[in-house]
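Okay, structure first, notes after.
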Amino acid sequence: MNLTGNDLKNIGFAEGKALGLALQIMEQQYQTMSTGDKLVLLKGVFEDPSAYVNDVKLSALAHELLKPGDDTIPLNVAGKPYQIYGADAIEQGALSQMETAMKLPVTVAGALMPDAHQGYGLPIGGVLATQNAVIPYGVGVDIGCRMCMTVYNLPVTALTEKKEEFKKLLVNNTRFGMATFNKPKDHEIFERKAFSELGIAREMKDRAWQQIGSSGGGNHFVEFGIVEILDPVNEFNLAPGRYVALLSHSGSRGLGANIARHYTKIAMDTCKLPQEAKHLAWLDLDTEAGQEYWLAMNLAGDYASACHHQIHERMAIGLRETPLAMIENHHNFAWKEKDAAGNELIVHRKGATPAGKGVLGIIPGSMATPGFIVRGKGLAESINSASHGAGRTMSRTKAKQTILQGHVNKFLKEAGVELIGSGLDEAPMAYKDIHQVMGYQQSLVGVLGSFMPKIVRMCGDAKFQEVD
DNA sequence: ATGTTC
């Protein structure tokens, strides 16, 4: 069967010169190639035309795709200045992406956190303040990805003396990857109007109900560990010392992923930007789509929060304890905040911890290195933000190829960490040194306490078969 | 991040 214009539209081509050219080149230069292979090839060219500008057969198409269309919104020639924290340890790709973001006509201010690395559109660790516009890829795919910690009045020796009991609590009360609870707990969030009024949320409601209280994959975790309260003057009146704590990291599961996918597509269809900025497409908050995204994003954020609360609730019941304190924060989200002059801005934090003056947050390290309870200092140049972790120093692929299981096992043993699940891509060696990262952001946050993981659960490799 | 490419 022959390639059609509709086939090309399905992989992202718009009606126009490039589409015609693509059909023509395929017919004339790739007669023997199967339709499927042609589509794969053209999808590659469409996604990254600059990689094909020197290709003998595809150069003309690449140039056509790179040419801005009549409806392309130009970037500003000069990007607005932005503050970088820990620039020495940040990869070039993340810096380039941030520079592009600073050239958007809707951008007012930006900052890059010390755990930054390359992402889609805005880098992970990027903070971007815009005027009346929200960028779905400035929030990220896992809308409302967040941290939650509860602190318990239990002796820390229990973590070693009753290790098997704590492991069992984790296995019985958490679900990772594809696994969900047989009897999910109901939650008031399902009565929210947005769940029935927004098309994409309505479509996802059943799956959201099935997935509530579960964690995801990748870097998500639920872990018991030891909190050390360091600041004698703290919001919880906790005496300095060591406590058992539960820390969770996860987001809005399929609900947020599909909301992100849906509105990113609308943004990219309605807000055409030059090639290097196309993933930074925004939705004007005065449009219907913009207002819908704002509602949907907030729904996903609250859903993510509900998931964490159910995890901690199940565990508190299992422990037969009431938490002494709970600390939590989003780190993939957008907020309406005011700048020093009182102007309302849309502040996107994509892998960044809110750090307004006195605002508490959690910055995790890795499965076997410390994390920190932090208190924001409200530094304007950072747009009231800090890092959301240590940041990767190695891609997942590279980590799986180069890190040895034996090496990880030794690291875990020396750190006194018991691990359930996870793959080599989450090994501590795949992350930057958290102490160095904290050093880069001393002007952004103060440390209230530390958290050392002891019994960690993450998604197993065989997540599709995982059964509890 | 994501029933991981509608």
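Values reported hereafter were calculated over all heavy atoms of this structure, with side chains retained and with hydrogens, waters and symmetry mates removed. The sequence lines fix the lettering, A, B, ..., with proteins before strands; numbering per chain opens at 1.
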Between [atom2] on [N] and [atom1] on [X], what's the gap in Å once rounded to a whole number?
{"X": "D7(A)", "N": "dT5(B)", "atom1": "CG", "atom2": "P", "answer": "20 Å"}
{"X": "Y137(A)", "N": "dA1(B)", "atom1": "OH", "atom2": "P", "answer": "14 Å"}
{"X": "R396(A)", "N": "dT2(B)", "atom1": "CZ", "atom2": "P", "answer": "10 Å"}
{"X": "K265(A)", "N": "dC6(B)", "atom1": "NZ", "atom2": "P", "answer": "13 Å"}
{"X": "E47(A)", "N": "dT5(B)", "atom1": "CD", "atom2": "P", "answer": "12 Å"}
{"X": "Q211(A)", "N": "dT2(B)", "atom1": "CD", "atom2": "P", "answer": "8 Å"}
{"X": "H262(A)", "N": "dC6(B)", "atom1": "NE2", "atom2": "P", "answer": "16 Å"}
{"X": "H117(A)", "N": "dA1(B)", "atom1": "NE2", "atom2": "P", "answer": "9 Å"}

Under 4.0 Å between any heavy atoms, over every strand shown, what does [X] touch: base, sugar-phosphate, or nothing? Just pick one.
{"X": "Q210(A)", "value": "nothing"}
{"X": "G254(A)", "value": "sugar-phosphate"}
{"X": "N219(A)", "value": "sugar-phosphate"}

**Asked** Counting only heavy atoms not in K185(A), do more than 12 sit closer than 6.0 Å to its NZ atom?
**Response** yes

State whether the number of non-hydrogen atoms from other residues, nucleotides or ligands found under 6.0 Å of Q275(A) atom CD is greater than 12.
yes

When Y120(A) and K43(A) are each assigned the nearest nucleotide of DNA chain B, the 5'-most assignment goes to Y120(A)

dT4(B) phosphate, OP1 or OP2, under 4.0 Å from R261(A) side-chain N/O =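 Checking dT4(B) against R261(A), no side-chain N or O comes under 4.0 Å of OP1 or OP2.
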
Using a cut-off of strictly less than 4.0 Å, decide whether R253(A) has a side-chain nitrogen or oxygen near OP1 or OP2 of dA1(B). no

Original post:
Do NZ/NE/NH1/NH2 and the carboxylate oxygens of K38(A) and D7(A) come within less than 4.0 Å?
Top reply: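 Salt bridge between K38(A) and D7(A), a charged N being under 4.0 Å from a carboxylate O: no.
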
Open item on the list: Closer than 4.0 angstrom, basic N to acidic O: yes or no for E426(A) and R396(A)?
Closed with: yes

_Angle between ring planes, H330(A) versus F333(A), binned at 30° and 60°: parallel, tilted or perpendicular?_
tilted

